[in-house]
Amino acid sequence: MAKKKLKQHVINRNWCKGCGICVSVCPKKVLELDELDKALAARPEACITCKLCEKICPDLAIIVETEEVDEEAKPHE
Amino acid sequence: MSVHDFIRERFFPHMWCAGCGHGTILNGLIRAVDELGIRKRNLVMVTGIGCSARISGYVDFHSLHTIHGRALAFATGVKLSRPELHVIVPMGDGDGLSIGGNHFIHAARRNINLTALIMNNRTYGMTGGQFSPLSGLGIKASTAPYDNIDNSFDVVELAKAAGATFVARTTTFHVNQLSDLIKAAIQHKGFSVVEIFTQCPTYFGRKNKLGDAPQMLQTFKERTVPVGSPKKQEDPSLIERGIFVNIERPEYCDEYQKLLERTQEA
Ligand code: SF4
Ligand code: SF4
Ligand code: SF4
């Protein structure tokens with residue numbers, strides 16, 4: 001069965017206003033604000049691609065891009 | 001399609017303050033219409049005046065940015081003349097329930113097939129944080145520096161009593177429910193109302209010492225429960241989220257069409 005895996009977080013730094021909402025709702029503490037108060041995916045490896053950050057961002061500044069992975073190719077999952 | 005296909009990117013970043021919940025409602029609304037697969041040219045958005053009303057400038061649908069409180073009156077005209085279009089009417093709490101209170105109850109009474117979204121941040125943000133008919137007792141506002149002594153409406157009860165045939169409530173914290181309810185409201189045939197609690201950190205939050213946007217969202221999470229939750233019995237001050245009314249009744253444009261056919265035959 002195909003499963004979704006994180007490709008990358010696309011963060012639009014021109015639109016992000018640094019409200020910190022995405023940082024606060026992420027269940028896996030993936031996101032942080034950088035020194036310019038822009039969202040940053042600091043720990044992408046922990047992302048479970050729930051897309052909460054993308055759906056709640058008031059500035060439409062995050063897109064969580066995913067790709068399909070074949071489960072059979074990864075016997076430990 | 002992606003979110004960006006539904007917005008007018010040239011107007012971004014938008015004018016709402018950092019952390020304003022109105023952007024999250026825009027986000028949920030776009031996901032809803034995308035998932036429903038409605039073509040942009042079949043969507044009309046009508047708004048009145050206020051921070052909330054600016055939403056019609058950001059969507060790449062047919063859009064009308066009209067006058068304070070009268071969005072539903074304009075929307076009624078659009079829907080009656082072009083009933084095949086989906087007409088979505090986002091309103092602020094002041095715009096929709098104070099200035100536009102009369103239009104609200106009468107659109108509900110007629111059961112005209114419109115989707116009304118009440119973006120309830122309990123204040124007039126654009127003009128500096130005055131109290132609205134949804135602020136509630138004990139709230140501080142620029143026009144109530146000591147305490148607000150006005151009772152508030154309960155949007156759900158008001159919409160029910162006025163005759164709306166789909167009535168629901170959610171918050172900007174509950175983003176999956178937000179897009180699901182907007183989807184259900186658009187699909188419902190009749191007057192549908194979705195009240196959405198949304199944060200205005202700049203005025204309502206600051207004047208009432210509710211913290212920043214993430215803290216205000218945390219409060220939405222803690223102070224609301226799904227409809228029918230036993231927690232509400234234990235603590236009646238909790239506010240319910242979900243669908244309260246979902247019934248069928250004759251729809252206004254349909255009845256108008258039938259009347260036309262009947263009189264033309266005669
Ligand atoms: S929620 Fe959006 S605007 Fe707010 S900090 Fe995160 S990316 Fe930036
Ligand atoms: S998709 Fe979910 S887990 Fe991944 S960064 Fe966003 S909120 Fe966190
Ligand atoms: S004043 Fe309040 S409602 Fe208006 S944009 Fe700012 S946060 Fe949003």
> Under the criterion side chain to side chain contact (heavy atoms under 4.5 Å, CB included), which of B/N121, B/T172, B/N27 is the partner of B/H22?
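Exactly one option meets the side chain to side chain contact (heavy atoms under 4.5 Å, CB included) with B/H22, and it is B/N121.
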
> Less than 4.5 Å to any heavy atom of chain A: does that hold for the side chain of B/F173, its backbone, both, or neither?
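For B/F173, backbone and side chain are both near chain A.
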
> Which answer fits A/V25, side chain, backbone, both or neither, if we ask what part of it has an atom under 4.5 Å from a heavy atom of chain B?
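Answer is side chain: those atoms of A/V25 sit under 4.5 Å from chain B.
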
> At a 4.5 Å cut-off on heavy atoms, which part of B/I30 comes close to chain A: side chain, backbone, both, or neither?
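The answer is the side chain of B/I30.
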
> Just one of B/R169, B/E240, B/H174 clears the side chain to side chain contact (heavy atoms under 4.5 Å, CB included) bar with B/T224, so which one?
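By the side chain to side chain contact (heavy atoms under 4.5 Å, CB included) criterion, B/T224 pairs with just one of B/R169, B/E240, B/H174: B/H174.
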
> Of the backbone (N, CA, C, O) and the side chain (C-beta and beyond), which part of B/I7 lies under 4.5 Å from a heavy atom of chain A, both, or neither?
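Side chain of B/I7 only, per the 4.5 Å heavy-atom cut-off to chain A.
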
> Answer with side chain, backbone, both or neither: which region of B/Q199 has an atom nearer than 4.5 Å to a non-hydrogen atom of chain A?
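Contact with chain A: side chain only.
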
> Could B/R10 and B/D60 be called an ion pair, given the rule that one side-chain N must be under 4.0 Å from one carboxylate O?
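No, B/R10 and B/D60 are not salt-bridged.
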
> For chain A, find which of B/G23, B/P201, B/A213, B/C20 contributes the most heavy-atom pairs closer than 4.5 angstrom.
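Greatest number of close heavy-atom pairs with chain A: B/G23.
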
> Report which part of A/N14 has an atom under 4.5 Å of a heavy atom belonging to chain B: side chain, backbone, both, or neither.
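Only the backbone of A/N14 comes within 4.5 Å of chain B.
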
> Assess whether a salt bridge exists between B/D235 and B/R223, defined as any Lys/Arg side-chain N lying under 4.0 Å from an Asp/Glu carboxylate O.
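B/R223 and B/D235: salt-bridged.
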
> Do A/E32 and A/R43 meet the salt-bridge criterion of a basic N to acidic O distance under 4.0 Å?
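Yes, A/R43 and A/E32 are salt-bridged.
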
